[in-house]
There are 2 protein chains.
Amino acid sequence: MDERKRRILQAIVEDYVLTAEPVGSRTIARKYGLGVSAATIRNEMADLEEMGYVEQPHASAGRIPSDRGYRFYVDELMEVKPLPPWVVERVQELCEGRVRAMEAVLQQVARLLSEVTNSLAILVGPQAGEMVFRSLDLVPVGPSRALLVAVADLGLLESGMVEVPADLTPAELHYISQVLTRGLRGLSVQALSHTILRELQAELARYRQVLEQVLEILVASAREQVPDRMYLVGLSTLLSQPEFHDRERLRAVISVLEQEVLAKYLLMVSTEREQEAGVTVSIGRENPLGEVRDLSLVFTPYRVGVSRGRLAVVGPKRMDYGRVVGAVADFERLLSDLLGRWALV
Amino acid sequence: MDERKRRILQAIVEDYVLTAEPVGSRTIARKYGLGVSAATIRNEMADLEEMGYVEQPHASAGRIPSDRGYRFYVDELMEVKPLPPWVVERVQELCEGRVRAMEAVLQQVARLLSEVTNSLAILVGPQAGEMVFRSLDLVPVGPSRALLVAVADLGLLESGMVEVPADLTPAELHYISQVLTRGLRGLSVQALSHTILRELQAELARYRQVLEQVLEILVASAREQVPDRMYLVGLSTLLSQPEFHDRERLRAVISVLEQEVLAKYLLMVSTEREQEAGVTVSIGRENPLGEVRDLSLVFTPYRVGVSRGRLAVVGPKRMDYGRVVGAVADFERLLSDLLGRWALV
DNA sequence: TTTTAGCACTCCGCCCGTGGGAGTGCTAAG
DNA sequence: CTTAGCACTCCCACGGGCGGAGTGCTAAAA
């Protein structure tokens with residue numbers, strides 16, 4: 001793979017990304033002055049095809065990159081483009097502005113990411129199981145009911161209604177809350193349930209009924225695979241791409257996105273390669289969207305306090321990888337830096 | 001509009017709904033035995049066209065119903081079909097099962113509604129502003145922060161972080177909570193903010209800073225136009241309809257649905273005709289989806305305690321109105337009956 | 001040995017004309 | 001008022017022809 005081949009492959013990818021049409025030797029010779037003639041480029045292209053980096057949609061057409069070609073481009077050739085400054089500023093404003101809920105911020109950030117990449121943006125907040133437990137409170141409401149309020153490092157973790165015996169005093173409720181808070185504070189939410197059991201046997205045997213309900217709520221919350229909310233913005237942009245000319249393909253994409261399989265994958269991937277933060281690019285069949293082989297996915301986790309959210313862009317294989325990877329990387333950095341404020345110190 | 005015309009119009013609508021193709025006089029004579037010949041039907045169809053109930057896509061094709069034709073069909077001709085029993089049972093299971101959060105139930109119900117109508121189903125929970133306030137609690141978390149937990153008749157209304165002076169004791173927080181709860185209980189959430197102001201002047205002047213934050217959170221919550229979550233299921237089903245053959249139309253639909261214009265409309269409609277519960281059908285240009293004139297919307301509010309949620313099905317104009325209206329009506333009844341359990345007594 | 005020009009060939013996509021089919025409106029008879 | 005017959009209209013699917021873009025190959029030039 002000499003320098004010239006690299007530059008030709010680069011030209012093919014970039015021109016194809018731009019035009020969505022197979023690119024021929026002529027075009028390359030003209031638009032991307034390599035100082036050689038079209039004939040030479042034809043020879044090189046034949047080589048590239050043999051090596052599996054490009055392919056021909058049909059016998060006498062130009063070349064388009066293969067998955068392998070894109071992969072090489074992403075790994076070796078592309079130039080990561082930073083986010084334009086106005087976007088950076090906008091994200092900062094969003095994160096620092098007076099907003100009550102993290103959710104509203106994430107929603108807007110997702111919209112921005114979608115606009116700037118011209119693709120589908122997916123943002124998920126931190127997963128409950130990964131948060132750190134802080135406190136628990138049973139607030140009496142009505143005669144024999146209490147609202148369980150569980151707080152984690154990122155704010156409200158979970159709430160739910162609990163039936164309590166009518167003769168239980170507010171003071172007793174408060175006592176239960178305090179014991180549980182003391183016992184559980186600082187644990188990862190995933191680890192709660194075991195600990196709760198021990199606690200239960202010891203100090204709070206009298207309130208078994210209440211405890212069981214609390215336990216149920218917390219366990220359910222920790223088990224939740226997919227985060228509370230998943231912000232998915234830009235479907236219509238994605239659909240305007242020419243690759244979705246035929247409707248069957250399109251339906252496939254939509255129904256994949258509609259099932260939340262995707263979110264699950266996002267989490268999976270990131271637990272798999274737990275350690276390595278950083279942007280991952282899955283191209284075509286590499287990606288996990290089942291039969292949909294025309295999409296690429298650019299993915300990264302981001303930090304919020306001690307837990308992590310996930311951030312992804314889904315676009316056609318034929319996307320501007322330099323720009324998208326740059327955008328995703330920059331968004332990750334921005335969010336990791338700026339969302340710290342949501343973590344309770 | 002004599003009986004025969006009615007039956008012919010009915011045949012046209014029902015056949016068109018079935019086949020998505022313009023229906024000719026022949027077809028009607030053969031498939032919907034009216035005891036007259038095709039020629040007669042041709043004459044009647046010419047009349048119907050003059051009256052504006054049907055139209056011809058081009059000079060020598062069959063007829064398709066006009067918006068007005070559909071309207072007449074819905075108002076006078078269609079037979080409302082009840083939900084199949086297994087669906088009813090399924091909804092009952094869902095609503096009565098041991099589930100923690102109303103949200104999970106609504107999500108599933110939306111999916112079911114989508115499946116049974118083969119269209120896009122939209123379900124929104126009760127709007128915050130319509131709920132009845134019950135209690136408020138400030139739970140201390142960390143050194144100078146408290147979590148505001150506001151509870152309404154349907155459970156958790158809102159939560160948010162509040163900065164408190166470091167020297168404020170838990171007892172004082174509790175005091176504030178109690179005063180506020182006492183003052184606000186029983187009010188509609190929309191009415192809170194005014195009352196809070198009076199309360200503030202009187203008893204709690206010392207805690208102005210805290211109160212302001214509480215106020216801000218509650219007001220924001222009451223102002224929220226669109227309910228917390230909107231469940232939108234079945235987009236891919238909708239897209240498989242033949243009317244979305246051409247992509248521009250399709251994009252239009254998706255981008256309309258993506259912006260939450262729709263949800264806002266749902267609320268608007270229902271505040272407009274505040275009193276009349278019951279199913280509303282908007283056909284084609286009657287519907288509020290802007291430029292999208294090929295969709296119809298079947299809509300109804302449903303009760304949850306004293307507030308209301310909204311329920312809708314979006315499908316092509318060419319939908320089986322009898323079935324969809326039946327389904328929406330039945331779902332409304334089921335939900336209104338079964339979701340009462342979420343209301344705090 | 002590598003590069004280049006020339007050339008014949010291939011294949012796609014488009015245009016266009018044509019024929020069949022479906023459905024209509026009209027007319028005249030029952 | 002209904003019906004049969006008929007001429008007419010319009011859509012659409014089919015197929016041939018053609019232009020264009022791009023290739024691979026060969027032979028000559030660097």
Side-chain angles (χ1 to χ4, degrees), chain A residues 1-9 11-16 18-66 69 242-243 245-247, chain B residues 1-9 11-16 18-66 69 242-243 245-247:
Chain A
M1 195 71 170
D2 57 21
E3 182 56 23
R4 194 167 63 192
K5 282 202 179 55
R6 294 167 67 99
R7 298 197 50 193
I8 291 175
L9 179 54
I12 293 175
V13 172
E14 289 175 4
D15 201 79
Y16 184 61
L18 219 61
T19 64
E21 305 217 323
V23 23
S25 52
R26 244 193 129 76
T27 316
I28 295 183
R30 250 189 295 115
K31 279 172 58 178
Y32 303 79
L34 302 187
V36 292
S37 77
T40 309
I41 293 176
R42 274 204 289 283
N43 288 328
E44 296 285 49
M45 281 165 91
D47 291 352
L48 284 172
E49 181 157 13
E50 216 170 318
M51 292 188 259
Y53 292 116
V54 297
E55 46 197 33
Q56 274 179 307
H58 62 84
S60 79
R63 303 310 210 282
I64 63 175
S66 64
E243 8 273 299
H245 220 72
D246 84 274
R247 307 172 56 240
Chain B
M1 195 71 171
D2 58 20
E3 182 57 24
R4 194 168 63 189
K5 282 202 181 54
R6 294 168 66 100
R7 296 197 52 192
I8 291 176
L9 180 53
I12 293 175
V13 172
E14 287 174 5
D15 202 77
Y16 185 61
L18 219 63
T19 64
E21 304 216 326
V23 21
S25 52
R26 243 194 130 78
T27 316
I28 295 183
R30 247 188 298 117
K31 279 170 58 177
Y32 303 81
L34 301 187
V36 291
S37 76
T40 309
I41 293 176
R42 274 204 287 284
N43 288 328
E44 297 285 48
M45 281 165 94
D47 292 350
L48 284 172
E49 181 157 14
E50 217 169 319
M51 293 188 258
Y53 292 116
V54 297
E55 46 197 34
Q56 272 179 308
H58 61 83
S60 81
R63 302 312 208 282
I64 61 175
S66 65
E243 9 273 297
H245 222 69
D246 84 275
R247 307 171 54 237

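Chain A is the first sequence line, chain B the second, and so forth, proteins listed ahead of strands; every chain is numbered from 1.
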- Nearest to the side chain of V36(B), which nucleotide is it out of dC11(D), dC12(C), dT3(D)?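 Within the option list, the nearest is dT3(D).
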- Message: Heavy-atom nearest nucleotide on DNA chain D for T40(B) versus H58(B): which residue maps closer to 5'?
- Response: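 Closer to the 5' end of DNA chain D: T40(B).
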Can you tell me the distance, in whole Å, between the [atom1] atom of [X] and the [atom2] atom of [N]?
| X | N | atom1 | atom2 | answer |
| --- | --- | --- | --- | --- |
| I41(B) | dC1(D) | CD1 | P | 17 Å |
| E21(A) | dC11(C) | CD | C1' | 15 Å |
| D47(B) | dC1(D) | CG | C1' | 12 Å |

- Message: Within a 6.0 Å radius of atom CZ on R6(A), are there more than 12 heavy atoms belonging to other residues, nucleotides or ligands?
- Response: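 Above 12, so yes.
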- Considering residues, nucleotides and ligands other than R26(B), do more than 12 of their heavy atoms fall under 6.0 Å from its CZ?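 It does not: R26(B) CZ has 12 such atoms or fewer within range.
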- Message: One character per nucleotide, please: for nucleotides 15-30 of chain C, 5' to 3', B when the base has a protein heavy atom closer than 4.0 Å, S when only the sugar-phosphate does, - otherwise.
- Response: -------BSBB-----
- Run the side chain to side chain contact (heavy atoms under 4.5 Å, CB included) check on L48(A) and R63(A) step by step: do they pass? CA-CA 10 Å; L48(A) 284 172; R63(A) 303 310 210 282; over 6 Å; no
- With a 4.5 Å limit on heavy-atom distance, are the side chains of I8(A) and M45(A) in contact?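 A side-chain contact exists here, since the closest heavy-atom pair is under 4.5 Å.
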- Task: Could you name each residue pair satisfying salt bridge (charged side-chain N to carboxylate O under 4.0 Å, His left out) that touches residues 27-47 of chain A, not counting sequence neighbours?
- Result: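 Checked against salt bridge (charged side-chain N to carboxylate O under 4.0 Å, His left out) - neighbours excluded - the pairs reaching residues 27-47 of chain A are R4(A)-E44(A), K5(A)-E44(A), K5(A)-D47(A), D15(A)-K31(A).
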- Taking S66(B) for the side chain and E55(B) for the main chain, is one N or O donor matched with an acceptor at less than 3.5 Å?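 Here the side-chain-to-backbone pair does not exist.
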